[in-house]
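After the structure tokens below, expect a handful of questions from me.
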Amino acid sequence: MAAVAAGSGTPREEEGSSGEAAAPQPQASTSAPGPRLSRLPLARVKALVKADPDVTLAGQEAIFILARAAELFVETIAKDAYCCAQQGKRKTLQRRDLDNAIEAVDEFAFLEGTLD
């Protein structure tokens, strides 16, 4: 399963016993009655995609992939921001923690100035 290195914002693959990267395994939510592969509502993601005038058609698979990518992005930036909060000996995320995570991780450079 892909994991995020603590504080680095970069995913790393865990290796299986044969030395090959293990395939990602879908995780079911414990509160849902059946397995749920996406935490974001796909109808909402589809509505956001359709709001773009350049998009005419979007398949269900593309919507799912976009939803999953958004989940992973939010998870990654939240973990990095939480590391910033821990460095300040706090458990509560604050806006400055997000600002610090954006400044510290090169992959978030495109977000610089968006919280101003």
Side-chain angles (χ1 to χ4, degrees):
M1 179 165 91
V4 176
S8 71
T10 57
R12 58 179 167 80
E13 293 292 326
E14 293 178 4
E15 293 185 2
S17 59
S18 64
E20 295 178 8
Q25 299 293 321
Q27 294 182 348
S29 172
T30 56
S31 62
R36 184 169 178 179
L37 299 176
S38 176
R39 292 180 192 138
L40 295 176
L42 296 180
R44 182 69 54 97
V45 174
K46 187 172 187 172
L48 288 169
V49 169
K50 285 187 170 187
D52 185 345
D54 295 332
V55 176
T56 55
L57 292 173
Q60 228 11 59
E61 193 171 83
I63 299 297
F64 172 77
I65 291 170
L66 286 169
R68 189 70 182 117
E71 289 173 23
L72 292 173
F73 172 76
V74 170
E75 181 180 324
T76 300
I77 197 167
K79 284 181 179 181
D80 287 343
Y82 186 68
C83 287
C84 293
Q86 285 181 321
Q87 288 174 356
K89 301 190 186 318
R90 292 177 285 107
K91 291 184 179 181
T92 304
L93 285 182
Q94 296 177 354
R95 179 186 166 142
R96 67 180 177 204
D97 300 320
L98 285 170
D99 286 333
N100 291 338
I102 289 170
E103 288 178 20
V105 181
D106 291 338
E107 287 85 4
F108 300 145
F110 71 97
L111 292 172
E112 288 182 7
T114 57
L115 295 178
D116 296 337

(message) Please tell me whether L48 and V55 are part of a single hydrophobic cluster in this structure, the criterion being side-chain heavy atoms less than 4.5 Å apart.
(response) no

(request) Can you establish whether the number of heavy atoms outside R90 located under 6.0 Å from its atom CZ is more than 12? (result)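 Count over threshold, so yes.
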
(request) Would you give the length of the straight line joining atom CD of Q87 to atom CG of D97, rounded to the nearest 0.5 angstrom? (result)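 Those atoms lie 9.5 Å apart.
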
(message) With rounding to the nearest 0.5 angstrom, report the OG1 to OH distance, T92 to Y82.
(response)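 Taking OG1 in T92 and OH in Y82, the distance rounds to 8.5 Å.
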
(message) Minimum heavy-atom separation for A58 and V49, please, with both atom names.
(response)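 For A58 versus V49, the nearest heavy atoms are CB-CG1, 3.9 Å.
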
(request) State, to 0.1 Å, how close F64 and L37 come at their nearest heavy-atom pair, and which atoms those are. (result)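 Shortest heavy-atom separation between F64 and L37 comes out as CE1-CB, 3.7 Å.
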
(message) Can you tell me how far apart NZ (K50) and CG (L57) are? Round to the nearest 0.5 Å.
(response) 8.5 Å

(message) For F108 and F73, take the angle between the two ring planes, folded into 0 to 90°, and tell me which bin it lands in: parallel under 30, tilted 30 to 60, perpendicular over 60.
(response)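 F108 and F73: perpendicular rings.
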
(message) Measuring from atom CG of L66 to atom OG of S38, what distance do you get when rounded to the nearest 0.5 angstrom?
(response) 10.5 Å

(message) Check whether D80 reaches the backbone of I77 with its side chain - one donor and one acceptor, N or O, closer than 3.5 Å.
(response)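 No, D80 side chain to I77 backbone: no donor-acceptor pair under 3.5 Å.
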
(request) Kindly indicate whether the side chain of E71, heavy atoms from C-beta on, has any atom under 4.5 Å from the side chain of E75. (result) no

(request) To the nearest 0.5 angstrom, please state how far the SG atom of C84 sits from the CZ atom of R96. (result)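 Going from the SG atom of C84 to the CZ atom of R96 covers 10.5 Å.
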
(request) Kindly give the heavy-atom pair with the smallest separation between L93 and A78, and that separation in Å. (result) CD1-O, 4.3 Å

(request) Enter the distance from Q86:CD to K91:NZ here, rounded to the nearest 0.5 Å. (result)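 Output value for this atom pair is 9.0 Å.
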
(request) Please report the closest heavy-atom contact between A67 and V45, naming both atoms and the distance. (result)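 Shortest heavy-atom separation between A67 and V45 comes out as CB-CG2, 3.9 Å.
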
